[in-house]
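Structure, as structure tokens:
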Amino acid sequence: MDTLLEIQKKFNNFTEKEKKVARYILKNKSKIKNKSITNLATATDTSTATITRFSKKIGVNSFVELKMKLHTFNELENYNKIDDIFVNITNYYKKVLKNSQQLVDKSSINKLVEKIKNAAKIYIYGIGSSGLTASEMMLRLLRMGFDVYSITDSHLMKINSAIISEKDLVISISISGKTKEIIKSLKVSKENGAEIVTITSFEDTPILQYSDMNFLIYNTAFVGQQRFINSQFSAMYLLDIICTILLQNKELNHKYQKTVSAILED
């Protein structure tokens, strides 16, 4: 697992000073090789002790080892670098896929598939861009015959959570894991006995206090420079895996094929 991915996973466990170091590295990773620990401490308004603690939290023994890992990563990232927007975007997606694959836990996905099969009703919560993924997930599950709803309005989310039952499954998508409207809705859903599954990018985040099962997905913001590219790409990757496994079931696949035929008849 590369160093930047480890920083993402541990980000919410860092102290505020350590987060300063993390943000600086994410924005300036190519420049770290030329900095001493004292220079970095000055640039981040922290201390050498903070940087040493930060390094150990992400699994390296020292700042020197951290620099070596980042240098190796940058060499691989810059290899065959081409000033071509088509190639660069393709490489961007390849990196997101590679890191998303490292976070996939096969046994957990198989457990989620069983939860989906056994739920009386499935509610998928998401706001903003996560709401688009929630709607896409609903459409896919609907075509397999599931009783499923995507809820992307915070007011409707609260109403739904108030009447949800212990036989229902809630799948919540929040990249930050801090979306207040979703957290409040999950609290009520949990009190009503519903099974809660969360999809987020961080190990330690408020949404997890109500989660029965959590799936970590790669945060595209950690790839490098900012791009106007789908921030939900890694969530869609996870969705593709879940749906592909579900379609291995003959009954679900049959229902899906019927919906395909119905659409083609239009």
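Values reported hereafter were calculated over all heavy atoms of this structure, with side chains retained and with hydrogens, waters and symmetry mates removed.
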Heavy-atom pair with the smallest gap, counting every atom of S150 and M138: N-SD, 3.3 Å
Donor-acceptor pair, side chain of T205 and main chain of F202, under 3.5 angstrom: no
Heavy-atom neighbours of Q209 CD exceed 12 at 6.0 Å: yes
Check: I196 main-chain N/O paired with D212 side-chain donor or acceptor under 3.5 Å: yes
Backbone of I207 reached by a side-chain donor or acceptor of S211 within 3.5 Å: no
Main-chain N/O of I175 paired with T200 side-chain donor or acceptor, under 3.5 Å: yes
From OH (Y24) to NZ (K35), nearest 0.5 Å: 3.5 Å
Donor-acceptor under 3.5 Å (E18 side chain, T50 main chain): no
Modelled atom types, side-chain donor and acceptor of S234 and S100, under 3.5 Å: no
Distance-only donor-acceptor check, side chains S107 and D105, under 3.5 Å: yes
E136 and R140 ion-paired at < 4.0 Å: yes
S161-Y123 side chain donor-acceptor pair, cut-off 3.5 Å: no
Parallel, tilted or perpendicular: rings of F233 and Y93 (30°, 60°): perpendicular
Side-chain (S176) to main-chain (K178) donor-acceptor, under 3.5 angstrom: yes
Residues Y149 and D147: side-chain donor-acceptor under 3.5 angstrom: yes
K158 side-chain N/O to K184 backbone N/O, donor-acceptor pair under 3.5 Å: no
Test item: side-chain donor near acceptor, N39 and S36, under 3.5 Å: yes
Any donor-acceptor N or O pair under 3.5 Å, side chains Q232, S130: yes
Check: T44/T46 side-chain N/O donor and acceptor closer than 3.5 Å: yes
Side-chain donor or acceptor of N253 paired with backbone N/O of L247 under 3.5 Å: yes
D168 (side chain) donor-acceptor with E195 (main chain) under 3.5 angstrom: no
Pair K117 + E114, salt bridge at N-O below 4.0 Å: yes
Test item: N192 side-chain N/O and A194 main-chain N/O as donor-acceptor pair under 3.5 Å: no
Distance, nearest 0.5 Å, that separates OG1 of T52 from CZ of F54: 11.5 Å
